[in-house]
Amino acid sequence: MSEIEKRELPKAYAPQDVEQQWYERWEAEKLFEANRPDEVPQDPTGRRANDKPPFVVCMPPPNVTGILHMGHALNNAIQDTYIRYHRMLGHEALWMPGTDHAGIATQTKVEKKLKEEGKTRHDLGREKFIDEVWKWKHEHSDFIEKQLRALGCSPDWRRFTFTMDASYEKAVVEAFVRLYEKGLIYKGKRIINWSPVAQSALSDEEVNYKETKGKLYHFRYPLIDRKSGEPEFIVIATTRPETMLGDVAVAVNPTDERYIKLIGRKLQLPFMDREIPIIADDYVDKEFGTGCVKITPAHDPNDFEIGKRHDLPQINVMDTKAHINELGGKFAGLDRFVARKKIVAELEEMGLIEKIDEYTHSVGYSERGGEMIEPYLSDQWFVSMKPLAEPALKVVEDGLIHFHPERWINTYRHWMTGIRDWCISRQLWWGQRIPAWYGVDGEIFVGRNDAEARAKADAAGYKGELRQDPDVVDTWFSSWLWPFATFGWPENTKDLQLFYPGNLLSTAPDIIFFWVARMIMGGIEFMQGMEMPDGSKREKLEDLIPFTDVYFHNILRDQQGRKMSKSLGNSPDPIDLVRKYGTDAVRFTLLYLAPLGQDVRFGEESCEQGRNFANKLYNATRFILMKRDEYQSTHPEPKFESEDTEYNNSVARTSVRETDGLKSVPLEKAGFSAKPPSTLADKWILSRANRTARDVKKAFDAYLINDVTKYLYDFIWKDYCDWYLEIVKLQPESTPLAVEILEGILRMIHPIMPFVTEELWHGLTGNPENMLIGRDDYITADEGKIDDEAEEEFAFIQKIIEAARLLRANAKLVPSKSAEFIIRLKTQEDLILTEASRNIIEKICKASSLIIEQDTFGDVIASAAKQSKMSNSTENFEIAASSAAQIPRNDTMRELSSKEYAAELLAGRGQIFIKQEAQSEEDTKKEKDRLRKELERIVKQYESLNAKLSDDNFVSRAPEHIIIKEKEKLESFRVQMEKLKIQVG
RNA sequence: GGGCAUUUAGCUCAGCUGGUCUAGAGCAAUCGCCUCACACGCGAUAGGUCACAGGUUCAAAUCCUGUAAUGCCCACCA
């Protein structure tokens, strides 16, 4: 039984009491499960046939050993909201959950643990080490699932996938083999980013460049066979002195006058018994440094290219730990930084250092470990990206895939057009092993397993031993298959047929290259020829792409503006926040703060807003339940009898709450009801509700989720609670409508705040627990009920009430004290309008008496102005006003002395007066000051507007309707001005 | 060096295709209220030359150009 049904209604919403039980109920009712039409319908109510169109979201799989931070909380709140929204819209909503094995990150963690025990992975050996990692994985993987549950996420847990699952690994191997056979994967010797700590290659995307203070060393390389007039040395500059051990040449620009004669000559490389040539290459910038560049093909990507052009040897002087190797002569065995110091010191002694400058340059660091990356020559596997990138760029540019916000297309295009080959081999043990086998002389056989490799070797006539490549593939090489490998690719599964392509991908923009771009490429490449639901083969790009919409959400920063991250430790644990504020509160707050693609500073306290809002919803419902009981007792007819909706008919209503004899509120599925509104307030709230429903849907569909929350927050809090519920207190006849609106409110905001709405909805409708709001229909607007006129009219009533409240506040009236009010209005329409809402105004303003009467003041002024045939200007009005005093007043107009009455303007439409006790001198002065200030403001606006309207340029060029509007405004200012003048005295 | 953003109240942010903008909200502040849902609340008040300089226009927070500051991405740096 839910809390609210127990009739022990605490004053404040206590999320802890309801969240867990509803989550369990959702799972028990299989709410999250998505099924194909050919599967047994899982909906216990049997209400819907399972032929709903699918809506699919793939969860970006978090690292299996990680914990979720606030960024994850935000992203999953977004995804869950969309999944729940579409579930309510009648889609078969499938949210695919899972975790990523995160090669380097996970392996590093386990190695760190081993290190504490004084061991390395090599002590264990490959198999035992991998066992260790699996053990670690099992210990940690529950954690993420628990966190997602605590956040109220509703993925289809049955489908939970881990990127190292056997079936998933099959997909990875398949992808590798296919690309290899197509010639899109190759093995090559290249300069790659080497992490001496991870002992592995990294892709370009895994390296971050940071400005780093260092030194620029200028070395002198002696010229051999120096002739007279020639310099003794060539001076080169370097930031990495230790690489000089691998120098094979010095390059100059071929047009550089200083060195042109020396091209082809030789230099003596210090320490190494090696003569190196001076070569000419366009790459060299004459202006930079000395114009001479040392060439180290094995340790610098540019030098590598130059080396290839000039057919130079590649001398690798470091080992995998970035220690100098045996090719480094006397420095062999030293760490790179130790060697650097030593080399510089010795050159200094030899007089071969020209100078050492302070120098700031950017240096690559590992994204994961933070260690300095060494450009390093080695054998690695690569994917040729150009052929994959072309169609992947096309689908985004042609609008088959929409980016939200759109501008990310620029970033995407830039990367795609300048794309470089992807280094996919990693010298790790944790991951999918590269399916390549080598013969004794380096022959390569790629196959899905060793038998296939053997067969290929046999076919090629190789009979010898085969050894599998020890390396694994980059984690992202498995991630890029996520949208289809999770459905069983490469098998032609029914799930894959039906649920591919997905709809929405939500992610932070920082993995647009790592993941988003590659998934698009992967989908187009690998889904080719797979079956569609109708059995035909996929060919068209729109059937190949993995999703249609990509939502790039904002990045959360801390109060100092720093990115929230694990390493900084500045992200609160989402679970702590959930415990403290409630899940709905955290979800709401994150979405409320999440402007599309704009970074946001997040402080924990902002969750109070969400908590307060949940509490507001809770108390509004509590209030409505109370009012409904009252209404019921005075209306013997069962007004709340359930209507014959499809939903209600489909369920045996056995567990209906009986405490109050109500079965259910009438619901009109198409939108907000039903009963014809009787009062202006009713018309107004119906209009506002339907407008909100319309705006919310628009914002949802445009992926403007923070707009969704803002529309709902404003409507619920301000319109419904602050205004309408106050009116319901005065108009019990509006109770049924208020109940209906509330029911719609709960449905509208359920995708964002699932727990509190589920709880309240059950309390309100008395629906049994196996009927879930999350399975019910979403609210759709009845646009015919959007009533601009009613909204405008009610806005005027609000204005009157607000003016009255201001008068009360200024008169220092405590709320319990009543007062006399007079409202004077210019037009007949306003008089009728106000009279019709007399009841509301009287009660809300606590009026002991309320006179509503015609105000002829403005007309008097106008006629005076006319009489004196004067044009519009302030001075003229002063004269007009004074002459107006001489015109006899309408009989109904009593003089209201400013001593006895305080007044407030109702725009240009009239005035409201409050009768006040004799005020102190001080209060009167204060009041006058306030009015004077107001007058000044109005006069200023009047004058500037008047000037504008007297300007021929404006009058002749601005469109007619603007001019009319401005003239009306001017008239309103004029009246306000005059009235204020009289009050100020 | 190239690109993408941002700059609006003390703070965090709305303000979209120029005129309903007399620039809003939430926190924080001030004042008054335990008004028969909610003090996680209600009512009211104060607070802004919309970064700066030009331009386009009858009209600019909004469009254009430039400048400055901040953030992010990419490339390169011997």
Side-chain angles (χ1 to χ4, degrees), chain A residues 9 11-13 204 209 216-218 236-240 243 250-251 283-285 288-296 300 302-303 359-363 405 407-408 410-411 414-415 418 509-510 512-513 555 557 559 561 563 581 585 589 592-593 595 597-603 605-606 608-627 702 704 706-707 710 713-714 718 721-722 725-726 729 792 802 805-806 808-810 812-816 846 907 930 937-938 940-941 945 948 951-959 961-963 965-966 969 972-973:
Chain A
L9 301 175
K11 277 188 162 189
Y13 173 58
D204 293 339
Y209 287 88
L216 187 61
Y217 304 87
H218 291 72
I236 57 91
T238 181
T239 53
R240 291 155 62 212
T243 62
V250 166
Y283 163 76
V284 181
D285 178 0
F288 189 91
T290 58
C292 304
V293 186
K294 68 195 255 320
I295 302 300
T296 326
D300 182 279
N302 292 308
D303 293 8
Y359 191 63
T360 303
H361 60 136
S362 69
V363 176
R407 64 183 148 81
W408 286 104
N410 293 324
T411 310
H414 185 249
W415 191 72
D510 51 3
I512 185 167
F513 307 134
I555 290 177
R557 300 181 176 281
Q559 302 290 37
K563 188 170 161 178
Y581 299 99
T589 303
Y592 188 84
L593 287 177
Q598 196 63 59
D599 291 1
V600 95
R601 287 178 192 219
F602 178 83
E605 320 74 57
S606 50
E608 286 175 17
Q609 194 182 350
R611 180 199 58 188
N612 296 353
F613 186 47
N615 188 55
K616 193 75 180 173
L617 273 176
Y618 172 84
N619 273 295
T621 306
R622 217 157 61 94
F623 173 72
I624 284 294
L625 286 175
M626 191 187 87
K627 282 286 148 188
L704 299 170
N706 58 319
D707 282 356
K710 278 180 182 117
Y713 183 86
D714 287 347
K718 296 188 172 158
C721 293
D722 283 353
L725 291 188
E726 288 308 311
K729 289 177 186 171
E792 220 167 276
E802 279 162 358
R805 282 171 175 162
L806 173 59
R808 288 185 61 104
N810 287 342
K812 301 208 163 118
L813 283 176
V814 291
S816 53
K846 275 253 162 75
R930 185 181 72 83
R937 196 176 64 89
I938 301 265
K940 227 162 143 193
Q941 278 168 359
L945 189 56
K948 191 177 173 184
D951 186 350
D952 267 357
N953 256 334
F954 173 74
V955 180
S956 60
R957 297 201 202 192
H961 70 278
I962 295 291
I963 294 176
K965 211 178 274 172
E966 297 293 65
K969 228 161 62 181
S972 142
F973 285 151

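Since the model is a prediction, treat every value here as computed from it, not as a measurement. Here is how names work: the chains are called A, B, and so on, in the same order as the sequence lines, proteins then strands, and each is numbered from 1. Side-chain atoms are counted along with the backbone in the values below, which use heavy atoms only and exclude waters and symmetry mates.
Here A/Phe602 lies out of heavy-atom contact (under 4.0 Å) with every strand. Residue A/Glu802 is in sugar-phosphate contact alone, with no base atom involved, counting any heavy-atom pair closer than 4.0 Å across all strands shown. Counting any heavy atom pair closer than 4.0 Å across all strands shown, A/Ile624 reaches no nucleic acid atom. As judged by a 4.0 angstrom heavy-atom cut-off over every strand, A/Arg805 is placed among residues touching the sugar-phosphate backbone only. Residue contacts for A/Phe613: at a heavy-atom cut-off of 4.0 Å it reaches no nucleic acid atom on any strand shown. Contacts of A/Asp722 with the nucleic acid, taken as non-hydrogen atoms under 4.0 Å apart, involve only primed sugar atoms and P, OP1 or OP2. Within the nucleic acid shown, A/Glu792 has no heavy atom closer than 4.0 Å to any nucleic acid atom. Base contact: A/Gln941 has a heavy atom under 4.0 Å from a base atom. Contacts of A/Pro959 with the nucleic acid, taken as non-hydrogen atoms under 4.0 Å apart, include base atoms. Counting non-hydrogen atoms under 4.0 angstrom, A/Val284 reaches a base of the nucleic acid. Counting any heavy atom pair closer than 4.0 Å across all strands shown, A/Ser606 reaches no nucleic acid atom.
When each of B/G41, B/G43, B/G19 is scored by its nearest atom to the side-chain atoms of A/Ala958, the top-ranked nucleotide is B/G19. Relative to the side chain of A/Asn612, the nucleotides B/C4, B/C73, B/C40 differ in distance, and B/C40 lies closest. Side-chain proximity of A/Arg611 to the nucleotides B/U22, B/C13, B/C40 is greatest for B/C40. The side chain of A/Gln609 has B/G26 as its nearest neighbour among B/G41, B/A37, B/G26. When the nucleotides B/A37, B/U45, B/U22 are ranked by their closest atom to the side chain of A/Lys969, B/U22 comes out on top. Between B/C58, B/A44, B/C4, one nucleotide has an atom nearer to the side chain of A/Leu806 than all others, and that is B/A44. Comparing B/U22, B/C38, B/C58 by their nearest atom to the side chain of A/Arg957 picks out B/C58. Considering only the side chain of A/Phe513, B/C73 comes nearest among B/C73, B/A37, B/C58.
Contact between the side-chain N/O atoms of A/Asn810 and the OP1/OP2 oxygens of B/A44 is not found at any separation under 4.0 Å. In terms of phosphate contacts, A/Lys11 brings a side-chain nitrogen or oxygen within less than 4.0 Å of OP1 or OP2 of B/C38.
For RNA chain B, runs of at least 3 consecutive pairs of the Watson-Crick or G-U wobble type, with both hydrogen-bonding distances under 3.5 angstrom, map to B:1-7 with B:68-74, B:10-13 with B:24-27, B:29-33 with B:41-45, B:51-55 with B:63-67.
Nucleotides of RNA chain B nearest to A/Lys846 and A/Lys294 differ in position, and the one nearer the 5' end is that of A/Lys846. Residue order along RNA chain B, read from the 5' end via each residue's closest nucleotide, puts A/Ile962 first among A/Ile962 and A/Ile938.
A/Lys616 forms no cation-pi arrangement with A/Tyr713, by the criterion of a distance under 6.0 Å to the ring centre and an angle within 45° of the ring axis.
Side-chain atoms of A/Lys616 and base atoms of B/C38 include a donor and an acceptor less than 3.5 Å apart.
Remark: side-chain polar atoms of A/Asn619 are paired, donor with acceptor, to backbone N or O of A/Lys11 under 3.5 angstrom.
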